[in-house]
Amino acid sequence: MGTPPIGADAREEDRAAYLDETARKFGISLEDYLLPTDGSIRILDETGALRPVGEQGTAPGHEYPLPEAADLLAAYEALVVGRRVNDQNSALVRQGRMAVYPSSHGQEACQVAAALCLGADDWMFPTYRDSVAVMTKGIDPVETMTLFRGDWHGGYDPKKYKVGIQSTPLTTQLLHGVGVAHAAKLRGEDTVVLAMCGDGATSEGDFHEALNFAAVFKLPVVFFVQNNQYAISVPLAHQTAAPSLAHKAVGYGMAGERVDGNDLVALLAVLRRAVRLARDGHGPLLVEAHTYRMQAHTNADDATRYRQDAEVQEWLAKDPVTRMRAYLRSESVLDDAGEARIAEAAEAMATRLRDGLNEDVAPDPEDLFRYVFTEPTTQLQEQRARLVDELARDAATETEGTR
């Protein structure tokens, strides 16, 4: 096998010591730190009642205190707005105002928690199904949906909002997130990256490359896997033989955790802890959320061909919106006036979407050439000139015809 490179043993010892020190800070073994707890972290039951601490799935070194009531109320508002956005977008597709929409109906708790767990200088790299997370991060809904109406650009400035453009190619955004985290670490910046993906993405080579690189270089990345049970029509059982997707983390030398993806309280607690650990120098972490895509993969998909209605109905009883509403009501954090205010905010967002996407956009044909190269090639300049000439002749012909 040849002679190991100079310093290889030292680097190996450094990685082992780094992980051991992290585990020791929690007073647990390395294995107990890296492996997810036995079962998912679940703070609320399916009715919205607070589970006893001993039944929440926590363990030493994996404790999750309840978020503050004000934070939970704000998260619930984002949850209700997100549900309304999903339904409005599906309607806009049927009206021909959007080309396609991958709904996250049923997954909104994951989306909201992803956005709310980050600080002002942190980055989020979403997938094509994470529009609610993008909007919750503060991006205008019309800018968010520009990509899905078939425009030529992503709609918003990633640098301004620290949110990557929603990625349609599977898993490429994880590598982008790792690159940003690496750059931030080299610059000494206090930045954590949340890189989002679905269960199908864990079968891609980019997933392996992103996790391996992040772990080797101890980068501040939280990999957030929304396991909604299907990669289009392929069920999870055909994606992996691992006990869970969170168990994949240990193979890269990072901690993994599982959480109920329809329990907004648990999601906020788990993701905030993961972001805090990444920020404090404990390296990358992987969080797997168990949730369900209630609607079809996109408007072009027929979900009845690969799943049964009984399965959908089973998950309907675990709806994150009704669960969170019941909890906040039981804790007297939410009342009728609060419900009315939140419903009004959700309708205002839906109106903003309708009005914005019902405006016809006049495309500028020269954009075909304007944003290809910083310095246009000779061939591109010739093509642009021919197009400008043709458009001018067409305009002259139309003017002549109206006389």
Side-chain angles (χ1 to χ4, degrees), residues 81-82 84-104 115 123-173 175-177 179-180 196 298-300 348-403:
V81 171
R84 185 67 185 89
V85 162
N86 268 319
D87 294 344
Q88 183 61 68
N89 283 338
S90 295
L92 287 166
V93 170
R94 293 192 296 271
Q95 295 164 11
R97 285 298 174 178
M98 281 170 35
V100 66
Y101 182 63
S103 175
S104 61
W123 274 80
M124 180 172 72
F125 283 84
T127 73
Y128 55 83
R129 199 178 300 281
D130 295 328
S131 298
V132 170
V134 173
M135 294 181 202
T136 304
K137 200 74 166 56
I139 297 177
D140 181 84
V142 177
E143 290 185 3
T144 301
M145 300 317 301
T146 291
L147 178 70
F148 298 102
R149 73 185 301 174
D151 212 327
W152 62 269
H153 63 84
Y156 55 87
D157 181 356
K159 290 184 179 179
K160 177 180 178 181
Y161 298 102
K162 293 183 170 55
V163 176
I165 294 297
Q166 289 184 259
S167 175
T168 299
L170 206 60
T171 327
T172 55
Q173 74 280 0
L175 295 171
H176 302 159
V180 167
M196 306 171 73
T298 68
N299 50 291
M349 182 70 83
T351 300
R352 169 77 183 113
L353 271 169
R354 284 196 307 273
D355 292 347
L357 293 180
N358 278 328
E359 293 179 3
D360 289 326
V361 178
D364 183 352
E366 290 193 56
D367 282 347
L368 288 168
F369 311 97
R370 188 172 286 135
Y371 303 105
V372 180
F373 296 105
T374 302
E375 296 292 335
T377 63
T378 301
Q379 185 181 42
L380 208 60
Q381 290 175 331
E382 292 173 352
Q383 291 173 352
R384 175 186 173 279
R386 285 199 299 271
L387 177 63
V388 169
D389 178 65
E390 183 176 340
L391 291 173
R393 285 188 281 106
D394 288 346
T397 300
E398 290 180 4
T399 302
E400 186 68 28
T402 60
R403 292 178 180 175

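On a predicted model such as this, the values are computed, not experimentally measured, just so you know.
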For this session: Report the C-alpha separation of Trp123 and Val163 in whole Å, then their side-chain angles, then the decisive distance to 0.1 Å, and conclude whether the side chain to side chain contact (heavy atoms under 4.5 Å, CB included) test is met.
Result: CA-CA 6 Å; Trp123 274 80; Val163 176; 5.8 Å; no
Exercise. Hey, is Arg370 close enough to Asp367 for a salt bridge, meaning N to O under 4.0 Å?
Worked result: yes
Exercise. So, does Tyr156 use its side chain to make a donor-acceptor pair with the main chain of Gly164 at under 3.5 Å?
Worked result: yes
Exercise. Any side-chain heavy atom of Leu387 sitting closer than 4.5 Å to one from Pro365?
Worked result: yes
Problem set entry | Pairwise distance CD(Glu143) to OH(Tyr161) - rounded to 0.5 angstrom | 4.5 Å
Problem set entry | Spatial distance of atom CD1 (Ile139) from atom NZ (Lys162) [nearest 0.5 Å] | 11.5 Å
Problem set entry | Residue pair Asn299 / Tyr101: nearest heavy atoms and the distance that separates them | OD1-N, 3.0 Å
For this session: Please report the shortest heavy-atom distance between Phe148 and Val100, naming the atom on each side.
Result: CB-O, 3.3 Å
Exercise. Phe369 versus Gln383: any side-chain heavy-atom pair under 4.5 Å?
Worked result: yes
Exercise. Ignoring hydrogens and geometry, is there a side-chain-to-backbone donor-acceptor pair from Arg149 to Ala99 under 3.5 Å?
Worked result: no
Exercise. Is the backbone of Arg384 close enough, under 3.5 Å, to the side chain of Glu366 for a donor and an acceptor to pair up by distance?
Worked result: no
Exercise. With Tyr371, which residues qualify under ring-ring contact (aromatic ring centres under 6.0 Å, His included), at least two apart?
Worked result: Trp152
For this session: For residues Met135 and Pro141, report the shortest heavy-atom separation together with the two atoms involved.
Result: SD-CB, 3.8 Å
Exercise. Under 4.0 Å between a Lys/Arg side-chain N and an Asp/Glu carboxylate O for Arg97 and Asp360?
Worked result: yes
For this session: For side-chain hydrogen bond (donor to acceptor under 3.5 Å, both in side chains), just list the numbers for Asp130 and Thr127, CA-CA rounded to whole Å, side-chain angles, deciding distance to a tenth of an Å, and then say yes or no.
Result: CA-CA 5 Å; Asp130 295 328; Thr127 73; 2.9 Å; yes
Seminar exercise, completed: Interatomic distance, CG@Asp157 vs NZ@Lys159, rounded to 0.5 Å, equals 7.5 Å
For this session: Could you grab the distance from atom OG1 of Thr172 to atom NE2 of His176, nearest 0.5 Å is fine?
Result: 5.0 Å
Exercise. Mind checking whether Gln173 and Pro126 have side chains closer than 4.5 Å, heavy atoms only?
Worked result: no
Exercise. Would you say Asn358's side chain and Arg354's backbone share a donor-acceptor pair under 3.5 angstrom?
Worked result: yes
Exercise. Are the side chain of Asn86 and the backbone of Ser104 linked by a donor-acceptor contact shorter than 3.5 Å?
Worked result: yes
Exercise. When rounded to the nearest 0.5 angstrom, what is the spacing between CZ in Phe125 and CD in Gln166?
Worked result: 13.0 Å
Exercise. Say you draw a straight line from CG of Asp389 to CG of Asp394; how long is it, rounded to the nearest 0.5 Å?
Worked result: 9.5 Å
Exercise. Any side-chain heavy atom of Met196 within less than 4.5 Å of one from Met124?
Worked result: yes
For this session: Taking all non-hydrogen atoms of both residues into account, name the closest pair between Val132 and Thr136 and its distance.
Result: O-OG1, 2.7 Å
For this session: Go through the steps for Glu382 and Thr377 under the test side chain to side chain contact (heavy atoms under 4.5 Å, CB included), then give the verdict.
Result: CA-CA 9 Å; Glu382 292 173 352; Thr377 63; over 6 Å; no
